[in-house]
Every structure is written in C-alpha cells, then in structure tokens.
Amino acid sequence: MSKYLVTSALPYANGAIHFGHVVGAYLPADVYVRTLRRLGEEVHFICGTDEHGVAITIGADKEGVSYSEYVARWRGEIEATFAAFGIEFDLFSGTSTSPRHAEFSLEFFERLRDGGYLQKQTSEQLYCKSCDLFLADRYVIGGCPECGYEHARGDECPKCGAWLDPLKLISPTCKICGEEPERRDTTHFFLDLPKLRDEAVGEWFNSKDWKPNVDAFVRRLLEDVHSRPITRDMRWGVELPSELVDGEEGKVLYVWFDAPIGYVSMTAEWTAQQGDPEGWRRWWQDPETRLVHFIGKDNIPFHTLVFPSMLHGVGEDEEGRRFVLPWQVPANEFYNLEGGKFSTSEGRTIPPSEFVERYDTEVARFHLITSMPETSDSEWRWREFQATANAGLADTIGNLVTRVLRFLDKHFEGVVPEIDEAHRERLEGLLLEECGEIRDPAVHIKDFHFRKGAEQLLANAAVANVFIDRTAPWKLRKTDPTEAASVLGTCCHYLAWIAHWMTPFMPGKAQALWEMLGQRGDVAALPWPGTPSRDTWQLLTPGQGFGEIAGLFDKLDDEQIQVEIEKLEASSPTS
RNA sequence: GGCGGUGUAGCUCAGCUGGUUAGAGCGCAGAACUCAUAAUUCUGAAGUCACUGGUUCAAGUCCAGUCACCGCUACCA
C-alpha cells in the first residue's frame, strides 16, 4: 500500500472558475482520489485558494473592499462550485489564512538562502508613487519605441508585436491610476534555478516517466532555465522580516513562490485539525509518499521545475528529513468552449452557478471526464453533452436499470431472484465471457487515463444489454419462468457491479442505483470489487426487495440544448 | 522573433519505442426485437491519416520544408 498526497492547482482568488478549470485540475483529481480510496490506498487530497499577488490588490481596490474580504468572497464562490460538482477535498483552505503558511514560506526562504540558492540583485524598475507600487510590465502603458503605437504594454506592443522593456516605453503611465511612474532601484532575491537543475532536479526529471505533453514541454524548458526573483515590494503577501533579507524593508514573497508552499501548509493545517500538528511530515518527508499534482498546462513549469527545485533546495533539516519530490504531474491541456476559448469577460462561458440550476452535475462530471483534454486541447460542446447524457447515460445505463428492475417488478416479485443451479453456470459464462469485454475502469484511472476509464464504464454496461438481448427473458418467461428469473437475477448482480464502477465518476448516481437494488449503506465505503469472475460475481442476496424504481438519468431535449448554443452564439458573433 | 503543441472517418477524439486489410464513441443507413426512459441488439457505408520531399524492406508513427489553427515567451498568476 502506498500513500498518496494529491493536490489540485490552487485557484487564484480573483474570479470564478469555469469548466476549463474544473476539468483540468479538480475533477480528475477528485475521480482519482475516489478511486484510490476505494482501492484501499491512504490518500490525502488538499486544495485552497492562492490569495496573494498584485492582481488581487488591484481587484480589491477597485471594489473598495479589503484584500481579505475580497479573497474570502472569491474563495466562497469557488468552494461553492466545487461543492456543486461533488469535488471533495479533505481540506480547502487559502494561502492568506492557513495558520502556518507564513511560517512554512519563510522557512523555505531561509533554508534556500542558507543553502546558497538565493542571490540578491538590484535593478531599476518603474514605480508608481500614487499607487505605492512597483509596476509589473503589463501594468505600464506607453509609446512603443519600435513603431510609435501609443498604447503599448510594458511587456509587448499589441500593434507591432515587439517585445518591450518597460523602461524604454515613451512617456509611460501607470495602467492602474494613469499617473507617470518614476524610476527607482530595488533589490530582490532570485532563486538559482540553473544551479538546482544541475544539482538534482534535471536528473530527477529525466529519471521519471511523464505524460507526453508534459515531457516535451519541460525538456525544452530545462535547457534554458534562468534564475527567477522570488520577492516583491508590496504589502499583500507573506512579509519578509528585514533581518531575513539583509535589512531590506517592505518585501514580501512573490506570490508564485509562496503559493505551492500552500500545499505544505494546508497539509499541516489538516493534520493539526486531526490532532497531529506535526503529522504533515508523514506526508511530505516520507519517501514512500506519492505526491501527485493535478494542474492545467499553464502550471507545468511551476510543478515540474520551480516547486521541485524549492523542495530539493531546502535540503535536510536538523534531523535529516528531506521533502519528497512530485511522483507524477498529470497535467491536462486546455479546455475550450464550442470552438472558441472560455472568456468570462466576453460572456463566452458557462457560469457554474447557472449551470447547476438547469442540469445534473453528475452527468456533467461524466461528460467532462469523457471530453477532458488529456493529451491535447479539447472542448465542451453542448451537442456532445446531450449525446453523453442521452445516448451514453440514459439509454445505456439508465435504461438497462429500468428494463431489468421493472420487468422483475411486473412479472416476478420485485425482488432479486434466485438463480437456478441448472442455469447458473451457462448464464454466468455467457455474461462474463461472451457478451463483450468487461474491464476494470479503475485500472485506467490509476494510469491517469480518465477518458478510457469512463468509456469502459459504458462498455461494461453495454455487456448487460447484449446479455439480455441474447437471452430474451421476455420470451423465456412464457416457456421457462425459472430460467427467465435466473437471467434477471444474473442481471441484478451485474447492476450492483455497475453501481460500484460508477462511484468515482458519479458518486450520487451510484448510490441511487445501489439503493434501488435494495442495498443500504454507502456503496463507496465498500472495497473496490475489480472485475467479476465466476467465483465472485454474485454480490446480492436473493429475495432482497428493491427500493423505489425510478429513472436514473433524465434526457435532454434538442430545444433546451439549442437555447444554450444560441446563447453562446449571441455572446460571440464572430466565433 | 524564439519555443512548443495541434492538424486522423460528417462531429468529438484514441493510436508508446515505425510492421498484417488505420480504430472508438456519437451521428447516418439497413435489419432484428418489443422487457425497458421509442430504449436495446446486429450489420453496414464512410478516411489520399493537412501538404511536399526524404530515410527505410516497411511511416499516420522518424527527418526536412510548407500551410493552417492554438499556446507560452518568465517579475502575469
């Protein structure tokens, strides 16, 4: 048995998340964790909002609320979305509130400094007096020195595409307040990534098997690594005491540095809640731990290079303990929307808060998994969602359930029938070996092949439909009722398997089916059954009465879907 | 500009280190069946694997170039 520490990318607390985020970093992690738990693995699943950084201060200032209020509100919004989609973390916290976050972050800083992995560097930057802020490149507007375009950004001219140095902009202004910034020297600490790469991280990366999309990207990245600054001049962030930074005042850790440390501090927050404040070490400093980061592709450099470098660079503590490096980083690509990008500002989005009022989020979970950008960019299409809901779930699984249970309800006694010994062996052979290949979806999920796992669930359900067609119990009922009952009894047991297989993808539906079969208790609390064999496939007790028989999945009609498509087209006439 | 990715049946996508007639789901056509949410099952049609050239006994799968779309380009998170 292994120990899995699973994280999802920390969402930035300055806006709502959309399907692209959900499908990229959160839903697959949730499915993965549910699967591991059912396989009996010890798993810890954490997440929280990333709450520092200049973008948040600007957003909060614009609304005239405090940073912490602003952050708390978005955190609430984001958490509500996760709750609606059944994404359940052991702990969901935030980098500005997790009790030991500052402590851990400063410790990382100090140990990296002591290890010789930080260098000081002074440079001239643009500083806005009225905002009291050193301006990031993109917050400076000015004339392009190349083409003269007046509204070039500090990092790039949108007109001629030139790559700019903000100090060279002609009459620069602050994008936030419009004032003219001044030049000022500032000193920052840089993380020596090239050194860390050469010492250990490069070798570590090359020693592991990565998803192809991760591998190709990072190999190139490794060839051309530069030191990166990890401090900033501002108020909102993990404040660096001046004695830690050679007397420099007013420095905070740059947000990307402290954010991943949030994984550590939130683990500690969780173990403290469990009554074991130092229990986080069992996870982060045990070589047996499998650290798995679920992220979108925009986060690949941080989780395969920067954060591993930090984890390595802090070295051993006084008791010889080291941090583990990531075991796997199953990054997904980007998820688009009907041929275009998700864009909240342009209204090209599906607000989760509205979606949940009209649609079944369990069905959405399943569809998102079947369409997730596992190997390359993919997209949400309403017609595809409809097809998954109708042809995939309602017709294949939902209808299978009712065709079996209603039949039994009508013509037999509405209970799990006894399987007659005269027929048992032939029927189980037919079902298990001749009606299609039955495979374990969990095997695919463990390998991070989520789409395949979801497809396998449907394929497994289809096996029962073939079985019923071949045995034709509606005919047998008239000629040999005992055999008909045996056929349907066989089906009942198999429905229990389907309920099991559904749990990682659609936990609520799985439980509903479980109860329809007259079972009590939480199906997800039982051990994962794997695949049925001739010795193990009977899961139910004959004579067991059913719960209320109802359709498991509703169908989506064309008109409803058409409305959604038109709504999108209205918001983006060009695409 | 630099780097990377993608381009495979009408649609959405699989195809690891090159090897028999290129796959899945949906959609479509035909048939069977009637227990079931008009569901199910079977059969079938459909692809010059973006284009050009090259390496090889053999390339969707490797190399070069072209075209199209997308992403990244680091003090943005």
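To find a chain, count down the sequence lines: A is the first, B the second, and so on, and within it residues start at 1.
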side-chain N/O [X] vs [N] OP1/OP2, d < 4.0 Å:
X	N	result
A:Arg381	B:U12	yes
A:Arg470	B:A32	no
A:Lys555	B:A38	no

**Prompt:** Would you call the rings of A:Phe412 and A:Phe407 parallel, tilted or perpendicular, where under 30° means parallel and over 60° means perpendicular?
**Reply:**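 A:Phe412 and A:Phe407: parallel rings.
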
**Prompt:** Parallel, tilted or perpendicular for A:Trp380 and A:Trp382, by the 30°/60° rule?
**Reply:**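 Ring orientation of A:Trp380 relative to A:Trp382: perpendicular.
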
Any-strand Watson-Crick or G-U partner of [N], both distances under 3.5 Å:
N	value
B:G4	B:C70
B:U41	B:A31
B:U21	none

**Toward the 5' end of RNA chain B, by each residue's nearest nucleotide, A:Thr231 or A:Ala550** =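 It is A:Ala550 whose nearest nucleotide is closer to the 5' end.
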
**Prompt:** Are the ring of A:Phe407 and the six-membered base ring of B:C35 within the stacking cut-offs of under 5.5 Å and under 30°?
**Reply:**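 No, A:Phe407 does not stack on the base of B:C35.
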
**Request:** Using the C1' atom on both, measure B:A59 against B:A50 and round to a whole Å.
**Result:**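 About 16 Å, rounded to a whole number of Å.
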
**Asked** Would a distance-only check, ignoring hydrogens and angles, find a side-chain to backbone donor-acceptor pair under 3.5 Å from A:Lys297 to A:Phe334?
**Response**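 Between the backbone of A:Phe334 and the side chain of A:Lys297 there is no qualifying donor-acceptor contact (under 3.5 Å).
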
